[in-house]
Amino acid sequence: MNDGMIIRTTSLVKIYPLGEQSITALDDVNLDVRTGEFAGLVGPSGSGKTTLLNILGSLDVPTRGSAEVLGERIETLSHRKAADLRNRHIGFIFQTFNLLPVYSVYENVEFPLLLLGFSPAARRKAIQAALEWVHLADRAKSRPSQLSGGQSQRVAIARAIVKKPALVLADEPTANLDAENSHGILRTMEDINRELGTTFLFSTHDGKVIQHLRRTITLVDGRVAKDEVRSGA
Amino acid sequence: MMTFLLKGVLRDRGRSLFPFIVVTTGVFLTVTLYCYIRGAELDVVRSNANLRHGHVKVVTRAYAKDVDQIPNDLALLGASAQIRDLEREYPDLEWVPRIEFGGLLDIPDAHGETRAQAPVAGFGADLRTPGSPEPGLLGLANILVAGRLPEASGEILLSAGLAERLKVGPGDVATLIGTTMHGAMSMANFKVAGTIRFGIGALDRMGLVADIADVRKALDMDDAAGEILGLSRDGLYRPDRLAAVAAAFNARFAGSGDEFLPVMQTLRDQPGMAMMFDRIRDVTNIILGVFLLAMSLVMWNAGLVGTLRRYGEFGVRLAIGEDKGRIYRSLVAESLMIGVLGSIAGTVLGLALSFYLQAVGINLAGVLKNVSFLMPIVIRSRVAPAAFVVGFVPGLLATLVGTGIAGRGIYRRQTAQLFKELES
């Protein structure tokens, strides 16, 4: 894609078999996301937000239609190529942080760089920068169990951005945080989006997140019901 | 990356210490049990060989036919010459003459009148010739309860049970009333040198051990021997090789019908022995097999559980960009490392205990009080070469298989499914 689009879905359908029946999680989803957007998939539980995020993150494949991310057609990727796409270009942020508990903050952030084969010096530099972005440079040696929820989510953000991915997918990133921490986290992500040009796509139904989004794509029953760009964005 | 993963293994006790302890314990128990059961099996063979049958036995054909009746009238004559021939022909076997006999033991009072009497089952062995292997083969020093071993002519050992019943002890006089090999009545006075406890029901009730020279004199069996036992010098019973030796020996006399010609029989040829050894081997194999299977299932299960509880972690690693093959290989490598280290540790501990039990054994006198076959009181482990590797079956193989099967879930599940498990 050389038209500035980082994500493009065309007639995307995802059907999950359920015994003899099936559930249509996504139904004819057509969506374009430009590089550098700060957008969110919103809608009630079961509307297909996480399913769409999983497909765009190459963790799942569509039943029909096409999902193109960074020029790669997800439905045609092998496991290895999908892993490579995630490894090089996509960062994930989860609702429950999902830090590896036996590793320190530094080591959690280091993991994606090890997979990419960064040299020790390059790793140190990138980790330092990522931790400074999330204001946790002084907690590098702490273990996840020693951090608050807000701090843990900041480490998860640092882990997602340390390799400077083009796209960050965040699934309900504030669901386990209080209002103050939620806004803090979102401001950090906004800063990263602005400074580094990283595209953020959220899945959320949290009003606090929606306040910060510059574009909201509302999903209802697996279809795009509304796609709004906030004025001034 | 390997260092990173290793750090994780070492820090997460659920991935390192716990499986290591499980594998070590399982392997330790497997090795120890294996050595002890094999030791018990060998001890039964050794007891029967040393005390009664030898690894091979030379008797007359006629004696062999009625061996249950201990027919000393059909004993081998010119035993010394026959032993010399056997020693020359089969130098890797140690040849010793034995005479088994039955009789009545009479205990006189101070006036020479009978105070007590009891039937005895005795045997004569070369106890006094310097360098004779018999005291060692019979383990007399270890089973001596009171007194000492015979040093002079006319001294005997009585089983402790018999001595108790007859109320005699070291220094007392006893008269053996029996039958000579020519069918005449014989009476001979002996002095009790000591008492012994075999730990075998029948022998402890009525056992008597005397020097073979005294028995020959008492039963008029000059240079005769009921049986000449052959025992491997290294103590190992090799049934196939000894069967071939016996067959070759017997083939020499195949053309003659003389019932006083010698015949060689192996330990397995003795009444009931083949069945007993086969039964013991079957039972021990079943015990070991069941135990090995149980341990393997435990290890397999540990591998399964250890992997299943980490599906969430795999979800994170997949999301970060690690591919499934790499995760699977790292999982198997971890399991291999734990399996190897646990198997080595368990084997070392198991062998250490087995070497100790090989030296000192476990005294099972209470348990073996009423056994009817020859079985030593102290059962010792036997550290055989297989003991060095047997623990690796449950320790390494089962752990790897368990992990490998559980790890296949990484491939079989959709990536998004692993991801969901991570979120749940």
Side-chain angles (χ1 to χ4, degrees), chain A residues 14 16 25 50-55 57-62 74 77-104 106-118 120 123 143 156 159-160 162-163 165 169 171-172 175, chain B residues 1-20 306-335 337-338 407-424:
Chain A
K14 180 67 184 180
Y16 289 112
T50 299
T51 302
L52 182 54
L53 217 59
N54 283 344
I55 292 174
S58 72
L59 294 167
D60 207 347
V61 287
I74 300 298
L77 294 179
S78 64
H79 282 306
R80 190 168 291 215
K81 288 226 166 178
D84 192 56
L85 176 68
R86 289 194 297 274
N87 189 11
R88 293 183 188 286
H89 303 297
I90 301 175
F92 279 91
I93 298 170
F94 311 98
Q95 176 181 333
T96 48
F97 324 136
N98 291 316
L99 301 177
L100 300 171
V102 293
Y103 294 107
S104 67
Y106 184 95
E107 288 161 344
N108 265 282
V109 180
E110 184 182 27
F111 187 54
L113 304 180
L114 286 167
L115 292 176
L116 286 168
F118 275 43
R123 289 204 302 270
R143 290 282 179 88
R159 183 175 64 185
V162 70
K163 59 192 176 188
L169 301 172
D171 191 8
E172 308 277 7
Chain B
M1 189 70 187
M2 280 310 292
T3 317
F4 184 84
L5 291 175
L6 196 62
K7 264 190 221 168
V9 173
L10 293 176
R11 288 178 193 169
D12 184 355
R13 290 181 178 187
R15 280 159 72 187
S16 52
L17 189 63
F18 176 65
F20 176 77
T307 304
L308 291 176
R309 83 176 180 90
R310 293 177 60 196
Y311 272 15
E313 176 202 326
F314 301 151
V316 179
R317 288 167 64 176
L318 285 169
I320 289 173
E322 198 167 0
D323 78 77
K324 291 181 174 182
R326 189 168 175 155
I327 292 177
Y328 186 76
R329 286 193 298 276
S330 73
L331 191 67
V332 171
E334 267 182 39
S335 169
M337 187 175 71
I338 297 292
R408 280 176 58 205
I410 298 169
Y411 284 103
R412 296 171 87 175
R413 276 175 163 73
Q414 290 292 323
T415 305
Q417 184 58 32
L418 278 168
F419 208 60
K420 268 185 203 158
E421 286 171 36
L422 152 76
E423 293 286 71
S424 61

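Note on naming: letters A, B, ... go to the chains in the order of the sequence lines (proteins, then strands), and numbering restarts at 1 for each one. Treat the numbers as computed from the prediction; the structure is a model and nothing was measured.
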E313(B) side chain near L100(A) side chain, heavy-atom distance below 4.5 Å
yes
Around R88(A), counting heavy atoms of other residues, nucleotides and ligands shown, do more than 12 lie under 6.0 Å from its CZ?
no
The reported gap from CG in N108(A) to CD1 in I320(B) (rounded to nearest 0.5 angstrom) is 7.5 Å
Cut-off 4.5 Å, heavy atoms of chain A, and the answer for R15(B) is side chain
Applying a strict 4.5 Å limit to non-hydrogen atoms, the region of R159(A) in contact with chain B is side chain
Looking only at heavy atoms, the pair that brings F94(A) and A319(B) closest together is CZ-CB, 3.6 Å
What one should report as the nearest heavy-atom pair of A83(A) and D323(B) is CB-CB, 3.5 Å
Item checked: Crowding at NZ, K81(A) (>12 non-hydrogen neighbours, <6.0 Å) -> no
Quiz item: Is the side chain of Y103(A) donor-acceptor paired with the backbone N or O of F4(B) at a distance under 3.5 Å, no angle test?
Solution: yes
Taking the side chain as C-beta and beyond, is there a heavy-atom pair between L318(B) and R86(A) under 4.5 Å? yes
Quiz item: For F118(A), does the CZ atom have more than 12 heavy-atom neighbours from other residues, nucleotides or ligands under 6.0 Å away?
Solution: yes
Honestly, the part of S78(A) sitting under 4.5 Å from a heavy atom of chain B is neither
Honestly, the part of R143(A) sitting under 4.5 Å from a heavy atom of chain B is side chain
Heaviest contributor of heavy-atom pairs below 4.5 Å to chain B, chosen from L114(A), L116(A), L115(A), is L115(A)
